[in-house]
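First up is the structure itself, then whatever we jot down about it.
Fair warning: this is a prediction, and the values are worked out from it, not measured in the lab. Proteins come first, then strands; the chains are lettered A, B, ... in the order of their sequence lines, and each starts at number 1. Every heavy atom of this structure was used, including side-chain atoms; hydrogens, water molecules and symmetry mates were not.
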There are 2 protein chains.
Amino acid sequence: MNLRHLTFRLLEVFVATVRTGSVTAAARQLHLTQPTVSQQLKRLAEAVGEPLLQPGVAGLEPTEAGSELYRAALDVTGRFDDFQDYLAELRGGQRGRFSIALVNTAQYVLPCLLGPYSRDFPDVDVTVQIGNRQQLLSRFERQLDDIYVFSHPPSLEHALAARFLRNPLVMIAPESHALASLDEVRSADLSAERFLLREPGSATRMLFESWLQGQGMQLSGALQMASNEAIRVGVASGMGLAVLSQHVLPAVHSGLVVLPVREFPIDSHWHFIVRRDRRLPHAARGFLQFACARVEHCLPEEFVCNEIAGLLESLG
Amino acid sequence: MNLRHLTFRLLEVFVATVRTGSVTAAARQLHLTQPTVSQQLKRLAEAVGEPLLQPGVAGLEPTEAGSELYRAALDVTGRFDDFQDYLAELRGGQRGRFSIALVNTAQYVLPCLLGPYSRDFPDVDVTVQIGNRQQLLSRFERQLDDIYVFSHPPSLEHALAARFLRNPLVMIAPESHALASLDEVRSADLSAERFLLREPGSATRMLFESWLQGQGMQLSGALQMASNEAIRVGVASGMGLAVLSQHVLPAVHSGLVVLPVREFPIDSHWHFIVRRDRRLPHAARGFLQFACARVEHCLPEEFVCNEIAGLLESLG
DNA sequence: TGCCTGCATAGATATTTATCTATGCATATA
DNA sequence: TATATGCATAGATAAATATCTATGCAGGCA
């Protein structure tokens, strides 16, 4: 028997024996029979290669080597208890890390959840990835992140999704635009307008194009820009109209108006999406639980659409 | 599988895998096959209840729980390495404790060995017991000490003995005594003398009485005193004669003379005695080795009679 | 496409383990 | 001296272990 094959259990037996000063008492304490403890101690002494216990005034006393082993055993089991505590926190979602990937648009709302979450769970490291839909789909395919936030969820074959926030798409125009004064804008009114669009594949663009198709229309002229901010500024400076998430608009619409287009706003939702074939870190689940409980308080209530509970349920 | 049954070996396997970032490399390092390591890691992960490793950029990387386990494993194995170092010192006799029991007379010479020994081995705690022969025999029977120093060894059935120092017994008288002026004192000259004796059972007394018996004599009058010092002072002040170990006499015989008695000095020796049925602590053996090597330097060479090597040999 | 490299799984097996009951033996205690 | 207490040993056994060989499977590279 080699020291290598020592188990924590064996050390526990030894510690109990030293503490009680009696094999029999240790056995009782550990719910074992006395011979079992005797034998474990024998094995331990063999492994160490020195006698560990000797009869003393108050029952068994540790020898010189036994005392040192006792100290070592306490240190070692103490260290492992710490480890177990750590594990417990990890499992409880109080500690650990997870990464969440957001489509550009969602970066306007997610911080309202992530901020309070981080304050409540300071020992969780959150990595936030932000990209356009294309980039996120690639990350999703490569399983790089724990939670994804999409407006238009990808194939759900290997994933679960839950809506949590309405994401109305509105059409914006410069304040001075002719259509801005109408009570209602019809699709026909838009035929001559030039639009500023996000890149193809963007959910916002996909939804707008599908609306146009429904109206039997095609875009007359379009300008493509890769960022919501650029589009907003572009619209304000008269480059054209655009369809954007309402969350992207600043609280004070500096130079912009939302056009009262018929059938607008286009309804869409943000989803939390997790892969089923990837182990969800406890911390990530903790975040979803947090979101489920607090989304109403952290985000404007009129937008909230909390289906996270179902997702958590499906995760088991 | 429970955390209790974790072995240090398992932690080693894990550490090697984390360090190399590869199951195969770890297996090579540990002289195991790759499947063996795979399986050990699986068991470990099961025991912990969390995944510990995941594919990363540079081979396998520890997960959150894995990193913490790695830290814990390093701490724990480090602590046990310390313990092993301690054991090594213990085994080398550089550390530990032992107790040695001396008959009264030997306390005049043993410090000459124990002093230098303690200086060379400061981490060894030595307990010195001193008593008369009776007390020491009792301790010997009860196996209370590791090494005994007797002049007249007890039954050697369960013990080994080795002489290390001559212990000549001389007869002393006050300077002014009539016999002090003779060239040779014969036993007949002593018949009228009163003797101061140690308690019955004392080796000195036993040897003297056996000498008397050899001369066909009996003591005319005797005074019993329990201490060598008391006897010495008693003789100096004219209470009678005495037989004492030569080592007991002060360097300058204040008021005492050694009588040139025929057949004197009576030859006896001090012995180191160890029980065969009691494990000798490494430190005690270390002391004997020290004594064997240094007795010539630490004690007057004319008295040395070093048979310790044989004792050490018998101990194996 | 086909071939390495590296990890995981399956199946086999000798050894070790953890644990029990029964019993022996020494030392206190009545 | 008898009895109780406490430890050690023996023998038995189900379970777990440590380890192997053989094989499957995925990702990277020519």
Side-chain angles (χ1 to χ4, degrees), chain A residues 1-14 16-48 51-63 66 138 141-144 158 277-279, chain B residues 1-14 16-48 51-63 66 138 141-144 158 277-279:
Chain A
M1 167 97 178
N2 187 316
L3 264 192
R4 297 283 170 72
H5 294 66
L6 280 193
T7 62
F8 288 81
R9 174 62 166 175
L10 219 45
L11 294 182
E12 261 179 17
V13 169
F14 177 66
T17 309
V18 171
R19 291 220 165 118
T20 59
S22 147
V23 173
T24 307
R28 255 197 300 278
Q29 205 175 87
L30 300 166
H31 306 291
L32 295 172
T33 61
Q34 169 266 314
T36 299
V37 173
S38 276
Q39 206 220 19
Q40 304 279 57
L41 293 174
K42 191 177 169 189
R43 273 205 317 127
L44 184 60
E46 264 168 31
V48 171
L52 299 173
L53 296 165
Q54 60 195 354
V57 283
L60 292 179
E61 285 173 2
T63 61
S138 158
E141 281 311 316
R142 286 181 292 154
Q143 313 192 21
L144 295 184
H158 299 108
D277 49 2
R278 184 178 203 266
R279 216 186 85 89
Chain B
M1 165 100 179
N2 186 315
L3 263 192
R4 297 284 169 72
H5 294 67
L6 279 193
T7 62
F8 287 79
R9 175 61 166 174
L10 219 45
L11 293 182
E12 261 180 17
V13 169
F14 177 66
T17 308
V18 171
R19 292 219 164 118
T20 59
S22 148
V23 172
T24 307
R28 255 197 301 279
Q29 206 175 86
L30 301 166
H31 306 291
L32 294 172
T33 60
Q34 169 266 313
T36 299
V37 173
S38 276
Q39 207 220 20
Q40 304 278 57
L41 293 175
K42 191 178 170 188
R43 271 205 320 126
L44 184 60
E46 264 169 32
V48 171
L52 299 173
L53 296 165
Q54 60 195 356
V57 284
L60 291 179
E61 285 173 1
T63 62
S138 158
E141 282 310 317
R142 286 180 291 156
Q143 313 193 20
L144 295 184
H158 300 108
D277 50 1
R278 184 178 203 266
R279 215 188 86 89

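The distance between atom CD of Q54(B) and atom P of dA26(D), rounded to the nearest whole Å, is 20 Å. The distance between atom CG of L32(A) and atom P of dT21(C), rounded to the nearest whole Å, is 11 Å. Rounded to whole Å, atom P of dA18(D) lies 13 Å from atom CG of L30(B). Distance CG (L6(A)) to C1' (dT17(C)): 13 Å, rounded to an integer number of Å. A straight line from CG of L44(A) to C1' of dT16(C) spans 16 Å, rounded to a whole angstrom. One can place CG of L41(B) at 7 Å from P of dA8(C), the figure rounded to the nearest angstrom. Atoms CD (Q39(A)) and C1' (dT9(D)) sit 10 Å apart, rounded to a whole Å. dT17(D) atom P lies 9 Å from atom CG of L10(B), rounded to whole Å.
Each of Q40(B), Q39(B), Q34(B) was scored for a side chain to side chain contact (heavy atoms under 4.5 Å, CB included) with T36(B), with one residue passing: Q40(B).
The two atoms that bring T20(B) and A25(B) nearest to each other are CB-CB, 3.7 Å, heavy atoms only. Heavy atoms only, all atoms of each residue included: R9(B) and L30(B) are closest at NH2-O, 4.0 Å. V23(B) and V37(B) get closest at one heavy-atom pair: CG1-CG1, 3.7 Å.
One finds a side-chain N or O of R43(A) lying less than 4.0 angstrom from the OP1 or OP2 phosphate oxygen of dT17(C). The phosphate of dT19(C) (OP1 or OP2) has no side-chain N or O of T33(A) nearer than 4.0 angstrom. Within the structure, a side-chain polar atom (N or O) of T36(A) is placed less than 4.0 Å from OP1 or OP2 of dC20(C).
Under the 4.5 Å side-chain criterion, counting only non-hydrogen atoms from C-beta, V18(B) is in contact with L53(B).
Side-chain proximity of Q34(A) to the nucleotides dA8(D), dT19(C), dA18(D) is greatest for dA8(D). Distances were taken from every side-chain heavy atom of T24(B) (C-beta onward) to each of dC7(C), dA18(C), dC20(C); the shortest belongs to dC7(C). Looking at the side chain of S22(B), the nearest of the listed nucleotides dA18(C), dT19(D), dC7(C) is dC7(C). For P35(A), taking side-chain heavy atoms from C-beta onward, the closest of the listed nucleotides dA8(D), dG6(D), dT17(D) is dA8(D). For S38(B), the side-chain atoms get nearest to dA8(C) when compared with the rest of dC20(D), dA8(C), dC7(D).
Comparing Q40(A) and R28(B) along DNA chain C, the residue whose closest nucleotide (by nearest heavy atom) sits nearer the 5' end is R28(B).
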